[in-house]
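The figures here come from the full heavy-atom set of this structure, side chains too, leaving out hydrogens, waters and symmetry mates.
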There are 2 protein chains.
Amino acid sequence: MNKKMISEEEMQIWHMWKSSYKNIFGRVVKDMFGQTGLSEGDFGILDRLDLYGKGKLRQQELVDSMDWTKSRLSHHLTRMEKRGLVLREPLKTERGVQVIITSAGKSTLDDARPVVSMAIREHFLDLLTEQDIESITNLAERAKVKSSSACKTPRS
Amino acid sequence: MNKKMISEEEMQIWHMWKSSYKNIFGRVVKDMFGQTGLSEGDFGILDRLDLYGKGKLRQQELVDSMDWTKSRLSHHLTRMEKRGLVLREPLKTERGVQVIITSAGKSTLDDARPVVSMAIREHFLDLLTEQDIESITNLAERAKVKSSSACKTPRS
DNA sequence: ACCTTGCGGTTGACATGTCAACGATGTTAT
DNA sequence: ATAACATCGTTGACATGTCAACCGCAAGGT
């Protein structure tokens with residue numbers, strides 16, 4: 001265990017990393033919202049409905065794939081329903097709720113795809129070297145949720 | 001101009017990058033909030049008051065250094081004032097407002113520093129290779145706000 | 001049958017952020 | 001002086017997130 005406070009240089013790495021993310025992510029989101037009116041959450045939901053479910057998914061499936069809480073999703077769907085992007089109907093065969101993309105939602109999504117694509121290329125991919133991509137891939141692996149390690153360790 | 005949609009692999013890079021950030025950043029914030037009750041914004045404000053201003057700064061200076069809107073800062077300070085972390089008083093010599101850290105705020109900050117330090121080391125720095133640090137540094141440079149380029153380009 | 005438990009989803013209260021409008025106070029031009 | 005404008009900050013309305021409590025319904029155990 002290293003209990004020393006981190007150095008000024010190490011703190012700088014942290015700040016650089018945070019601000020890179022905020023700058024780049026902010027630009028992508030701004031382009032998307034500005035040109036289509038969709039937030040990142042909106043897009044994520046519509047995208048999954050369209051690709052994984054051919055237009056419809058159970059609410060729980062969305063919760064799992066988005067890694068959101070059910071509460072957050074429920075609130076968000078209520079707002080999206082009000083805007084006419086999706087609708088909800090109870091499942092007949094089992095308990096649960098189907099979320100269905102509306103035609104308005106589908107056409108907004110189709111408009112958004114190229115916008116998102118361009119934004120990610122322009123604000124993110126175009127900035128990356130091969131080495132950066134390697135680093136991103138490796139870090140993502142190391143930063144993954146580690147469900148096992150805590151359990152493997154015997155409770156001392 | 002590359003107008004092609006981005007590939008599946010490129011989209012994966014984007015998703016990996018986003019989830020790394022969210023995982024790591026979420027862990028750091030959770031540690032800090034759990035052990036000290038401070039949010040990232042709280043810490044940023046108290047840190048600047050303490051380091052840059054020896055306990056006090058003008059609100060506008062905070063706006064500039066945090067890169068927040070004045071509205072966001074105003075709302076946030078109102079909440080922090082209610083919690084007894086800071087207080088505000090109008091400047092006498094010129095217009096504007098002084099934000100002053102309270103003793104409660106200062107001691108909470110002092111408690112938080114080692115917690116933040118440890119969390120950044122454990123959840124972030126310990127995951128990085130030398131190459132990652134290089135990539136982070138380079139990307140941060142490329143992702144910086146580019147105020148000049150738009151002005152240098154003659155309006156077509 | 002009855003009770004408990006767990007799952008799927010909703011709700012309300014509250015924290016956090018954004019945006020546009022406002023107000024008060026300085027600066028500048030005429 | 002006064003009109004126009006910029007600066008500094010507040011406010012209210014609303015979007016987004018989090019948390020804990022709740023409700024309806026299923027599945028099991030007794």
Colleague: Could you tell me how far apart B:Ile45 (CD1) and C:dT16 (P) are, to the nearest whole angstrom?
Modeller: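 Atom CD1 in B:Ile45 sits about 10 Å away from atom P in C:dT16.
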
Colleague: Take A:Lys22 and B:Asp67, measure what salt bridge (charged side-chain N to carboxylate O under 4.0 Å, His left out) needs, and give me the verdict at the end.
Modeller: CA-CA 11 Å; A:Lys22 287 177 184 175; B:Asp67 198 27; over 6 Å; no

Colleague: Examine the side chains of B:Thr129 and B:Asp132 and answer whether a donor and an acceptor come within less than 3.5 Å of each other.
Modeller: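 Short answer, yes.
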
Colleague: Going by distance alone, is a donor N or O of one side chain under 3.5 Å from an acceptor N or O of the other, for A:Arg88 and A:Thr78?
Modeller: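 Note: A:Arg88 and A:Thr78 side chains meet the donor-acceptor criterion.
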
Colleague: Can you check the A:His75 NE2 to C:dT10 C1' distance for me, whole Å?
Modeller: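 The distance from NE2 of A:His75 to C1' of C:dT10 comes to 8 Å, rounded to the nearest Å.
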
Colleague: Base, sugar-phosphate or nothing for A:Arg83? Non-hydrogen atoms, less than 4.0 Å.
Modeller: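 Contact class for A:Arg83: none.
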
Colleague: Atom CZ of A:Arg88 to atom C1' of C:dG9: distance rounded to whole Å?
Modeller: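 Those two atoms, CZ and C1', are 9 Å apart.
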
Colleague: Holding to side chain to side chain donor-acceptor pair (under 3.5 Å), I want the full list of residues that pass it with B:Arg79, two or more places apart in sequence or in another chain.
Modeller: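 Expected list: B:His76.
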
Colleague: Under 4.0 Å between a side-chain N/O of A:Thr69 and OP1 or OP2 of D:dT18, yes or no?
Modeller: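 Checking D:dT18 against A:Thr69, no side-chain N or O comes under 4.0 Å of OP1 or OP2.
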
Colleague: Compare the minimum distances between each of D:dC19, D:dT11, C:dT16 and the side chain of B:Arg79, then state the nucleotide with the smallest one.
Modeller: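 The nucleotide sitting nearest to the side chain is C:dT16.
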
Colleague: Among the nucleotides D:dT11, C:dG17, D:dT18, which one has an atom lying closest to any side-chain atom of B:Ser71?
Modeller: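 Ranking D:dT11, C:dG17, D:dT18 by closest atom to the B:Ser71 side chain puts D:dT11 first.
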
Colleague: Using atom NE2 of A:His76 as one end and atom C1' of D:dT18 as the other, report the distance to the nearest whole Å.
Modeller: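 Going from NE2 in A:His76 over to C1' in D:dT18 covers 15 Å.
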
Colleague: Can a side-chain donor-acceptor contact be found between A:Ser135 and A:Asn138 if the only test is distance below 3.5 angstrom?
Modeller: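 A:Ser135 and A:Asn138 do not have a side-chain donor-acceptor pair below 3.5 Å.
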
Colleague: Please list, pair by pair, any protein nitrogen or oxygen found under 3.5 Å from a nitrogen or oxygen in nucleotides 2-8 of chain C.
Modeller:
| from | atom 1 | to | atom 2 | distance (Å) |
| --- | --- | --- | --- | --- |
| C:dG6 | N2 | A:Arg95 | NH1 | 2.9 |
| C:dC7 | O2 | A:Arg95 | NH1 | 2.9 |

Colleague: Separation of A:Lys92 atom NZ from D:dA26 atom P, in whole Å?
Modeller: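 It is 15 Å, rounded to the nearest whole Å.
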
Colleague: Specify the separation, in whole Å, of atom CD of B:Gln98 and atom C1' of D:dC8.
Modeller: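 My rounded result for the distance is 14 Å.
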
Colleague: Calculate the interatomic distance between B:Arg72 atom CZ and C:dA15 atom P; express it in whole Å.
Modeller: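 The answer, rounded to whole Å, is 16 Å.
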
Colleague: Please check: side-chain N/O of A:Arg121 versus main-chain N/O of A:Ser117, any donor-acceptor pairing under 3.5 Å?
Modeller: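 Here the side-chain-to-backbone pair does not exist.
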
Colleague: So which of residues 29-36 of chain B are in contact with DNA chain C, with a heavy-atom cut-off of under 4.0 Å?
Modeller: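 None, since no heavy atom is under 4.0 Å.
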
Colleague: Hey, which sits more toward the 5' end of DNA chain D by its nearest nucleotide, A:Glu40 or B:Leu77?
Modeller: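 First, find each residue's nearest nucleotide; the 5'-ward one identifies B:Leu77.
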
Colleague: Might you work through the side chain to side chain contact (heavy atoms under 4.5 Å, CB included) test for B:Leu38 and B:Leu85, ending with a clear yes or no?
Modeller: CA-CA 10 Å; B:Leu38 295 181; B:Leu85 297 170; 4.1 Å; yes

Colleague: Can you tell whether the side chains of A:Arg27 and A:Asp31 come within less than 4.0 Å, N to carboxylate O?
Modeller: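 The answer is no: the pair does not qualify as a salt bridge.
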
Colleague: Please state how far atom CD in B:Glu94 lies from atom C1' in D:dA6, giving the value in whole angstrom units.
Modeller: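 Computing the B:Glu94:CD to D:dA6:C1' distance gives 16 Å.
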
Colleague: Between A:Asp47 and A:Arg113, is there a side-chain N and carboxylate O pair less than 4.0 Å apart?
Modeller: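 A salt bridge links A:Asp47 with A:Arg113.
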
